[in-house]
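Reading through the structure tokens given below for one structure.
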Amino acid sequence: MYFHTDLKQLPGGVCAPAGFRASGLHCGIRPNTEKPDLAMILADVPCAAAGVYTQNLMKGAPVLVTKENLADGKAQAVICNSGNANTCNADGLEKAHAMCDLTAKALGLSPQDVIVASTGVIGQPLPLEPIAQGIAPLVESLSREGGHAAATAIMTTDTVSKELALEFTVDGTPCRIAGMAKGSGMIHPNMATMLCFLTTDCAITPALLDKALHRCVADTFNMVSVDGDTSTNDTVVLMASGLAKNPEIQGEGAAYEAFCKALFDLLLYLSTQIAGDGEGATKLLVCSVTGARDKEMAKACAKSVICSPLVKAAMFGADANWGRVLCALGYAGQPIDPHTVDVDFESEVGRIRVCAQGNGLAFDEETAKAILLQGEILIHVNLGLGEACADAFGCDLTYDYVKING
């Protein structure tokens with residue numbers, strides 16, 4: 001209901017753009033042989049590349065190595081394991097570099113052109129032997145049809161894979177952009193456990209790729225919160241093969257804006273998928289704030305509502321407790337006026353106003369409950385102070401979240 005795009009959606013996941021192959025398999029990091037735990041993405045040519053990383057000071061070793069490798073704005077392959085985060089380990093950097101070395105040797109690349117990522121349990125040494133043994137079959141299984149296998153192999157507590165590919169036009173040339181992401185718990189990106197790997201065949205300079213990625217992450221992944229915990233391993237990387245053969249985007253203008261629009265739509269979709277698949281969640285929550293004085297106010301208020309445990313619990317119980325929304329707005333650290341705030345709840349079955357000008361309204365409780373029983377809930381907040389707006393994305397707080405993390 002919330003996400004929509006006017007761009008054509010394509011099959012194939014991260015392999016939809018020209019020049020990319022992928023694979024995923026079980027190598028043995030996870031004891032459950034039913035769950036794949038090693039993924040690879042390979043570009044046919046060297047790519048312009050950019051990344052955005054966790055701001056948690058306790059960074060995983062793969063984050064540090066990938067930042068180092070992407071310093072030149074180039075990459076050609078991704079290697080990622082699930083089941084172990086390779087974080088807070090004395091030999092973490094050694095093993096992250098080893099993953100790059102093993103991948104590079106198997107593909108005939110430089111280790112510096114490999115993006116490495118890990119996700120899973122923190123503080124346990126990463127076993128390197130299963131990865132070393134898994135690299136050769138992983139390379140052998142690389143294919144244009146391997147996008148879904150790779151997207152599945154990076155999942156941890158996710159219940160569904162998260163992937164999308166879109167087609168857009170730059171200077172009359174059809175281009176494609178795609179992504180796969182994982183994330184279910186420990187989600188409160190501040191960049192932006194979440195990982196996201198993006199591919200495009202659009203020709204664009206590394207500098208503009210980096211600028212576009214940071215711009216789009218700010219209003220998508222950085223507006224997601226499942227549980228308020230910023231992961232140690234959050235990484236978003238984007239590789240551009242240039243094989244669409246469009247005139248290279250070298251400056252801001254119509255072509256750059258077309259690229260940013262496609263990237264934003266892609267990240268928006270993946271953000272809602274991560275939020276809706278929060279650990280134990282039954283509902284996607286979107287707080288849409290309008291009427292703010294500026295963007296900073298709108299974003300702070302939207303995220304404050306989405307992060308509120310009391311709001312999240314009320315949405316789980318289909319309780320139209322709008323007072324909890326106002327409470328969360330009141331501690332967002334912004335100079336709002338309580339007497340100008342309106343609140344509505346909306347889902348696919350309807351919309352109801354529950355608060356106007358900071359005061360409660362008489363409303364039908366059964367109608368409100370029917371609205372809040374749906375799987376996707378929009379919390380509309382009008383601050384009544386200006387023209388700025390922002391959306392934040394989260395989920396309800398359920399018994400199962402505690403069971404999963406207890």
Side-chain angles (χ1 to χ4, degrees), residues 10 12-23 39-53 62-63 65-80 99-101 103-117 138-139 142-144 146-147 150-151 154 163-168 170 173-181 195-217 235-251 255-256 258-260 262-263 266-267 270:
L10 305 168
V14 291
C15 298
F20 292 96
R21 291 174 288 154
S23 58
M40 181 178 287
I41 303 171
L42 175 66
D44 294 343
V45 296
C47 294
V52 185
Y53 314 94
V63 174
V65 173
T66 292
K67 283 186 74 173
E68 179 183 309
N69 287 355
L70 287 188
D72 63 356
K74 298 177 182 178
Q76 196 167 346
V78 173
I79 184 71
C80 177
M99 287 178 66
C100 293
D101 292 341
T103 302
K105 184 177 180 180
L107 297 174
L109 305 177
S110 163
Q112 284 69 46
D113 289 332
V114 177
I115 292 162
V116 60
L138 196 63
V139 172
L142 283 167
S143 75
R144 294 278 292 167
I154 67 172
E163 48 190 319
L164 181 69
L166 300 172
E167 187 172 86
F168 62 106
V170 171
T173 303
C175 299
R176 295 179 172 188
I177 190 167
M180 68 184 201
L195 297 175
C196 180
F197 305 107
L198 307 164
T199 59
T200 183
D201 50 21
C202 182
I204 181 171
T205 67
L208 285 178
L209 196 70
D210 183 74
K211 185 172 185 176
L213 186 60
H214 279 81
R215 167 179 160 178
C216 293
V217 162
T235 302
V236 177
V237 292
L238 172 54
M239 294 193 294
S241 70
L243 294 178
K245 304 298 184 182
N246 61 289
E248 185 181 52
I249 302 173
Q250 298 180 340
Y256 176 71
F259 178 81
C260 286
L263 177 59
L266 175 62
L267 298 193
L270 295 174

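Below, all heavy atoms of this structure are taken into account, side chains as well, without hydrogens, waters or symmetry copies.
Rounding to the nearest 0.5 angstrom, the gap separating the CG atom in L266 from the SG atom in C196 is 6.5 Å. For the atom pair OG of S143 and CG of L42, the computed distance is 11.5 Å after rounding to the nearest 0.5 Å. For the atom pair D201 CG and C175 SG, the distance stands at 5.5 Å (nearest 0.5 Å). Atom-to-atom distance recorded for L10:CG and R176:CZ is 4.5 Å, nearest 0.5 angstrom. Note that OG1 of T103 and CE of M40 are 4.5 Å apart. Values are rounded to the nearest 0.5 Å. Distance check, rounded to the nearest 0.5 Å: CD1 of I204 to SG of C260 gives 7.0 Å.
The minimum heavy-atom distance between A255 and I249, with the atom names listed, is O-CD1, 3.6 Å. When every heavy atom of A48 is checked against every heavy atom of L209, the shortest pair comes out as O-CD2, 3.5 Å. Minimum heavy-atom separation, V170 to C202: CG2-SG, 4.1 Å.
Side chains of M180 and I154 form a contact here, defined as non-hydrogen atoms less than 4.5 Å apart. Contact check for C80 versus L195: side-chain heavy atoms found under the 4.5 Å cut-off. The shortest distance between side-chain heavy atoms of L138 and I79 falls below 4.5 Å. For the pair L70/Y53, a side-chain contact is recorded, criterion being any heavy-atom separation below 4.5 Å from C-beta on. Inter-residue side-chain proximity for V139 and L107 is flagged as met; some heavy-atom pair is nearer than 4.5 Å. Within the 4.5 Å cutoff, side-chain heavy atoms of V236 are placed close to those of L198. For the pair V217/L267, a side-chain contact is recorded, criterion being any heavy-atom separation below 4.5 Å from C-beta on.
Panel note: side chain D101, backbone P111; no donor-acceptor pair is recorded below 3.5 Å. Judged by distance alone, the side chain of R144 and the main-chain N or O of F20 form a donor-acceptor pair under 3.5 Å. In this structure, the side chain of D210 does not engage the main chain of A50 through any donor-acceptor pair within 3.5 Å.
With sequence neighbours left out, the side chain to side chain donor-acceptor pair (under 3.5 Å) criterion links R215 to E257. Under the rule for a side chain to side chain donor-acceptor pair (under 3.5 Å), K67 has no partner lying at least two apart in sequence or in another chain. Partners of A22 according to the side chain to side chain contact (heavy atoms under 4.5 Å, CB included) rule, which considers only residues two or more places apart in sequence or in another chain, are V14, C15, I41, A150. Q250 meets the side chain to side chain contact (heavy atoms under 4.5 Å, CB included) test with T205, E248; sequence neighbours excluded. Every residue meeting the salt bridge (charged side-chain N to carboxylate O under 4.0 Å, His left out) condition with D44, not counting sequence neighbours, appears here in chain and number order: R21.
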Indicate every side-chain donor-acceptor pair of residues 238-247 with a distance under 3.5 Å to a residue at least two apart or in another chain.
{"unit_1": "S241", "atom_1": "OG", "unit_2": "A18", "atom_2": "O", "d": "3.0"}
{"unit_1": "S241", "atom_1": "OG", "unit_2": "L243", "atom_2": "N", "d": "3.3"}
{"unit_1": "N246", "atom_1": "OD1", "unit_2": "A203", "atom_2": "N", "d": "2.8"}
{"unit_1": "N246", "atom_1": "ND2", "unit_2": "A203", "atom_2": "O", "d": "3.2"}

